[in-house]
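A quick write-up on the structure given underneath.
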Amino acid sequence: MLVVFGVFSWLPIGRAVVMSFQRTNLVTDPVFVGFANFQQVFADPQLWTAIQNTGYFALLALVFGYPVPLVAAILMSEVRKARGLFSALAYLPVVVPPVVAVLLWKLFYDAGEDGVFNTVLSWFGIGPVAWLQDAQIVMPSLVLEATWAAAGGTVIIYLAALVGVDPSLYEAAEIDGAGVWRKLWHITLPQLRGVLLITFILQIIGTAQVFLEPFLFTDGGPANRTLTLLLLIYRYAFTNSLGGDYGAAAALSLMLAVVLAGFSMLYFRLTRKWSS
C-alpha cells in the first residue's frame with residue numbers, strides 16, 4: 001500500500017513541485033526558470049477573476065449547500081419507517097457518474113421553453129430563464145447541481161453520527177420540557193460538532209478545487225464568470241495542442257495547495273479547543 005501510494009500520489013506531487021520551477025511543455029527539454037512561473041501566474045489578470053469566482057462558489061456552497069445534508073439527516077433520523085429507503089434515495093445522486101449528472105442537469109437548465117426548469121416556471125406564469133447564460137445566476141445554478149450531486153455522502157455521515165447520540169439525553173431534555181429546537185441546539189449540534197468541523201473543512205477544500213461543473217456546464221463562461229482556479233490550471237496545461245505551459249499550471253497548483261494546507265492548519269488550531 002505504501003509503495004502504491006508513493007508511486008501514484010507522492011511521486012507526482014514531487015514531480016509537480018519540480019515542474020513549477022521549470023519552463024516545460026513535456027515535449028522539449030525542461031528549462032529551470034526559478035520563480036518565473038509564479039511571477040507569470042501573478043501577472044495574469046485572469047488569476048484574480050478565478051480567485052473571486054472560486055470564493056463566490058465556495059461562499060454559496062457553504063451558505064446553501066452545507067446546511068442541506070445536516071437538515072436532511074436530522075429529518076431522516078426522525079423517520080421510524082422506511083429510513084433505509086430515504087437513505088438510499090439521498091445517496092443515489094452520489095452513485096450517478098459526475099459527467100452523467102452534469103449532462104442530465106444541462107437538460108434541466110435548457111434555456112428554451114421546453115427546458116425542465118423553465119417548463120415548471122411556465123406553470124406559474126414566469127418566462128424562460130437563461131440559467132447558464134445569465135451572468136447573474138449562472139454560479140448559483142452550478143452550486144445547486146453540485147449540492148445535489150455531493151450532499152448524499154455527507155447525509156450518510158451525519159446519519160451515522162446521529163445514531164451514536166445517547167437517546168437518554170433527549171429523554172432527559174423532554175422531561176425538562178425542551179422542544180424540538182432546544183434539543184437540536186443543545187444536544188444534537190454539540191454531539192455532532194466533531195463531525196461538523198471535519199465536513200466543514202472538507203467542504204472548503206472541495207469547493208476551492210471545483211472544476212467539473214464550470215468545465216462541463218459553461219467552460220468558464222459567460223465572460224469568465226465561472227472561471228475557477230482549477231479551470232485556469234487546466235487552461236494553462238491543455239489548451240495548447242502543441243504542448244501547454246505545464247510549468248505555470250504546476251505553479252498555480254502548488255500555490256493553491258499551500259493556501260489550502262495553511263488554511264487547514266489554522267482552522268484546526270483555532271477549533272481544537274472547541275472540538276474537544
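Worth saying up front: this structure is predicted, and the values here are computed from it rather than measured.
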Q) Parallel under 30°, tilted from 30 to 60°, perpendicular over 60°: which one fits the rings of F211 and Y234? A) tilted
Q: Verify the neighbour count for atom CZ of F42: are there more than 12 heavy atoms of other residues, nucleotides or ligands below 6.0 Å?
A: no
Q | Identified side-chain contact (heavy atoms from CB on, under 4.5 Å) partner of Y158 from the options V71, V163, L196 | A | L196
**Q.** Note, L197 side chain near F268 side chain (heavy atom, < 4.5 Å)
**A.** no
Q: Determine yes or no for a side-chain-to-main-chain donor-acceptor pair under 3.5 angstrom, with T228 supplying the side chain and V210 the backbone.
A: yes
Q: Might you point out which heavy atoms bring Q22 and P30 nearest each other, and give the distance in Å?
A: OE1-CB, 3.6 Å
**Q.** Closest non-hydrogen atom pair, V41 against A248
**A.** CG2-O, 3.7 Å
Q | Between CD1 on residue I204 and CG on residue L62, distance to nearest 0.5 Å | A | 4.0 Å
Q) Can you check whether L132 reaches T226 side chain to side chain, under 4.5 Å on heavy atoms? A) no
**Q.** Heavy-atom closest pair, residues L189 and W185
**A.** CD1-CE3, 3.8 Å
**Q.** From R235 atom CZ to F215 atom CZ, the distance as rounded to the nearest 0.5 Å
**A.** 10.0 Å
Q. So F238 and Y246, would you call those rings parallel, tilted or perpendicular, with 30° and 60° as cut-offs?
A. perpendicular
Q) Just wondering, do F5 and L2 contact through their side chains at under 4.5 Å, heavy atoms? A) no
Q.
Please list all pairs meeting side-chain hydrogen bond (donor to acceptor under 3.5 Å, both in side chains) that have one or both residues in residues 33-58, counting only residues at least two apart or in different chains.
A. R23-N37, R23-Q40, Q40-D245, D44-Y236
